[in-house]
Amino acid sequence: MAWYIAKRLFYAALILLGVSFITYLLLFLIPADPARQIAGRSATPEVVANIRHQLGLDLPFYEQYLRYLWQLLHGDLGRSYVQRSQVSDLMAARIGPTLQLMAAGIGLELLIGISLGLVAAIKRNSGLDRALMAFSFIGVSSPHFIAAMLALYFFAVKLGWFPLGGYGGIEHLMLPAITLGVLGSGWYSRMVRSSMIEVLHQDFIRTARAKGLTRVRVLLRHVLPNAIIPVIPMIGIDIGIFMSGLVVVESVFGWPGLGQLAWQAIQQVDIPIIVGVTTLSAVAIVLGNLVADLAVLLVDPRIDVKNS
Amino acid sequence: MHKVLKGFALTAMAVAISGAVQAQETPKPGGEVIVTYQNDVATLDPAIGYDWQNWSMIKSLFDGLMDYEPGTTNLVPDLAERYEISDDGMTYTFHLREGVTFHNDREMTAADVKYSLERTINPQTQSPGAGFFSSIVGFDAVSSGDATTLSGVTTPDDYTVEITLSAPDATFLHLMALNFASVVPKEAVEEWGRDFGKHPVGTGAFKLDDWALGQRLTFVKNEDYYRDGIPYIDQIDFEIGQEPNVALLRLQRGEVDIAGDGIPPAQFLQSQQDPEFQKLMVIGDQLHTGYMTLSVTIPPLDNLKVRQAINMAINKERIVRVINGRAAPTNQPLPPAMPGYDSDYEGLSYDVEQARALLEEAGYGDGFETELYVMNTDPQPRIAQAIQQDLSQIGIQAEIKSLAQANVIAAGGEQSQAPMIWSGGMAWIADFPDPSNFWGPILGCEGAVPGGWNWAWYCNEELDARAEEANAMVEPDQREERARIWGEIFTTAMDDAPWVPIFNEKRFTVHSARMGGDDALYVDPVHVPVNYDYIWVK
């Protein structure tokens, strides 16, 4: 077990190194010159050259990258080109709201996804089943920007159930979380439906029913726990997909999270922030997957890592 | 010269009329106001902040030696009580107000003025505004890092500052009104270092009370502000991260007082036709020209006839319709609100037949292929498409290169890269209301360098020399003559057609019904976008 974790951590480190390298390289190749951006339109070439030197942008690529890695290991993500503040300060101010929205959003995804999957599996091949699956299909294919705008328009403007965006208490959190939850629930409902159906056909279910257990008890005690196992690693994979939706939903709802920060930084080509948010997202995805895989080991004793 | 005079008279009248309107309502002190923006406030460091969002915020927190009358482009002394200019126009003596204190309660003195200028020019500060002060004696030594003090700025006593220039500069008083010349206290700058922009300390009408990163900034009234009764408002909350469409909806509900980002293009027509909304909307001019650069060094655009043909092929009226009438078509680089604008200039008007003939004469009767660079946010690509269609009428096939802002700027700064650039989203908005500001960097030889902003790479040394002469006309009674010369410089440049001047954008600010104060304050030409010091709550 310890060996397995160590091996996974080693791979995780490699992945992160790769992600940081690719991000850094891509942004290096963009033909935007941060020194000119900082220097402004009235700057003389000497001023631009001076700033370039101060930022270390006159160094060859590998030196810049190694310097970045070295600073990263010391917890220094550099300073934003536009805001001139520490990237770590800017990200720290936003990580709380993002975690809140992620927890609420993924929680709702699971709640909606598993319930719908359960219902669809029980009523499989009925009209209800097809309607639910169509709903989940529409959900996962909807563009977040449009869906978020529509949700805001109907539930906040027309019906007045929720405040019009912004950050604050639970009432502010509800609408963006529900939007993310509904849009992302499709992955889970389809997965739960198919794995439920698979489990329902197994012998031990028939045995359970045959020995006189009620239908509800069989479903909740025997089917669901078995059917839910593939959902756990799915959460790990979902973190990545979820984050891309977060960027848009946070911007629409004025939620002061990392997604909004990334959105602004991309528009302003504020490279240190883009690299910082990407690195953090990569860490979150890698860690999420690792935790999900370890959680499966605990939940399902049948999986044996020694032989995998 | 008469035209110019007429322009001045009209401006003066407009100012007088708006002044009369203001007189009917008496400003009321007190009240709290909510302003929304989508993007984070980048910085409140006056040496660094350089966007339309933080520009007037900084003006409310800090003061410089000079400022403008609220809602106008008329220069008035600010922290300086009065000033004298030597006969040769090379030395400016400013007499400071006594008893003005910073937000940290220390009195502002001449040493602070000197320190602030030196700080902006010092390369360690990385100020985008350093270059403005190149006419001060000793600039080069500080700019290159060889010195940290400006030899051209002296402080005979605590309330006198003498600034010596290396050449007469008629725009110098405007420069002293730029944010980059704001007076900052040395001890606060040293305490916060590079984070001074998050902990600003100035002498201005408001002080920063709290900044919740990514969420909200709170400005509170500076009770010790040297102007009695100013500001009227007790507190301004800037809420950050609000999508512009959402901000407008909130404004209509009365939850927001000023939607800082204005009206998104997609909503503009609808809002404009809504009578309820019209009452909340203020329309103003701005010192802005939207133009397309035609690189005078890239064939076949190096041919004057080709550039003229392109000028005549573009239907500016239609482009203005594309952006729902948020601008007025134009034919010259200077915007109408700028001294020197020539209202009789005809320029190269829309004439497709003539354009085809010119192209034929130039030997491109069958047209050619070229590229049009444009910034990739709405409505810029749509404007580029309109230009593309117009050009295809005369056989020019322009491929649209739609890129992020920084990348378009980078492309423009390379001589052989971009034949045509639509300036939208990066267009020149004057830093100060003087025509010279529309010349040097964007049409003069100094801007036609790698990384420069003269994307047409137009360099006419004769016109540059005349520009220099005009800038040496510092006497107040030379102002009209100077404006006339500047007007001529721009129309003469248009004989070489380095640009297609397309439109002058208007500005729209939306505010809640409870906001009071002259309309001009909400579209202030200098305190962009809104002059927070003088608005009030009914």
Side-chain angles (χ1 to χ4, degrees), chain A residues 30-48 50-51 53-55 79-86 89-90 92-94 97 148-149 152-153 156-157 160 163-167 250-258 260-261 263-271, chain B residues 36 38-43 45 48 50-51 123-124 126-132 134 143-145 194-195 197-198 212-216 239-243 245-247 249-250 253 255 377 403-411 413-414 417 428 431 440-442 446-447 449-453:
Chain A
I30 285 182
D33 184 346
R36 275 178 203 160
Q37 213 178 333
I38 290 172
R41 53 196 195 185
S42 65
T44 56
E46 297 86 72
V47 173
V48 177
N50 187 307
I51 291 175
H53 179 70
Q54 284 184 40
L55 294 176
R79 275 177 185 267
S80 151
Y81 291 156
V82 176
Q83 305 204 28
R84 314 277 176 108
S85 322
Q86 292 279 1
D89 288 350
L90 295 173
R94 288 168 173 276
M149 274 307 219
L152 201 61
Y153 186 72
V157 180
L164 261 177
Y167 178 67
E250 281 186 357
S251 301
V252 173
F253 286 96
W255 192 261
L258 285 170
Q260 202 188 46
L261 184 70
W263 178 258
Q264 283 177 26
I266 290 166
Q267 285 179 329
Q268 297 167 332
V269 201
D270 195 344
I271 292 169
Chain B
T36 62
Q38 179 165 31
N39 280 353
D40 270 341
V41 173
T43 172
D45 186 336
I48 293 169
Y50 199 14
D51 60 53
Q124 292 296 329
Q126 300 184 357
S127 166
F132 286 115
S134 57
S143 176
S144 61
R194 294 177 70 184
D195 289 323
K198 292 274 185 286
L213 276 181
Q215 296 180 32
R216 178 180 292 100
E239 293 188 0
I240 306 304
Q242 307 260 317
E243 219 278 331
N245 288 301
V246 177
L249 290 169
R250 291 187 61 201
R253 279 191 182 183
E255 293 175 12
T377 52
L403 305 170
Q405 184 189 45
N407 304 345
V408 181
I409 293 171
E414 263 178 70
Q417 180 110 32
W428 205 253
D431 298 298
I442 45 177
E446 62 170 90
V449 290
W453 281 73

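Since the model is a prediction, treat every value here as computed from it, not as a measurement. First the proteins, then the strands, lettered A, B, ... as listed; each starts at 1. Both backbone and side-chain heavy atoms feed into the values below; hydrogens, waters and symmetry mates do not.
- Between chain B and the options A/A35, A/G166, A/A92, A/A156, heavy-atom pairs under 4.5 Å are most frequent for A/A156.
- Ranking B/T36, B/L213, B/N39, B/D51 against chain A, the residue ahead of the rest is B/N39, based on heavy-atom pairs under 4.5 Å.
- Salt-bridge formation is not detected for the pair A/D89/A/R79: no Lys NZ or Arg NE/NH1/NH2 atom is positioned less than 4.0 Å from an Asp or Glu carboxylate oxygen.
- A donor-acceptor pair is defined here as one N or O able to donate and one able to accept, closer than 3.5 Å; no such pair exists between the side chain of B/Q215 and the backbone of A/Y167.
- When the candidates B/E255, B/Q124, B/R216 are compared by the number of heavy-atom contacts under 4.5 Å with chain A, B/Q124 comes out ahead.
- Interface remark: B/S127 contributes backbone atoms only to the contact with chain A (heavy atom separation under 4.5 Å).
- With a threshold of 4.5 angstrom between heavy atoms, B/I409 does not approach chain A through any atom at all.
- Looking at A/S251, only its backbone comes within 4.5 Å of chain B, counting heavy atoms on both sides.
- Across B/V246, B/V449, B/L403, B/T43, the residue that shares the most heavy-atom pairs under 4.5 angstrom with chain A is B/V246.
- Of the listed residues B/D195, B/I240, B/N245, the one with more heavy-atom pairs under 4.5 angstrom with chain A than any other is B/D195.
- For A/Q268 (side chain) and A/V82 (main-chain N/O), no donor-acceptor pair under 3.5 Å exists by modelled atom type.
- In terms of heavy-atom pairs under 4.5 Å with chain A, the best-connected choice from B/Q242, B/E239, B/R250, B/R194 is B/R194.
- Of the two parts of B/V408, neither the backbone nor the side chain holds a non-hydrogen atom closer than 4.5 Å to a non-hydrogen atom of chain A.
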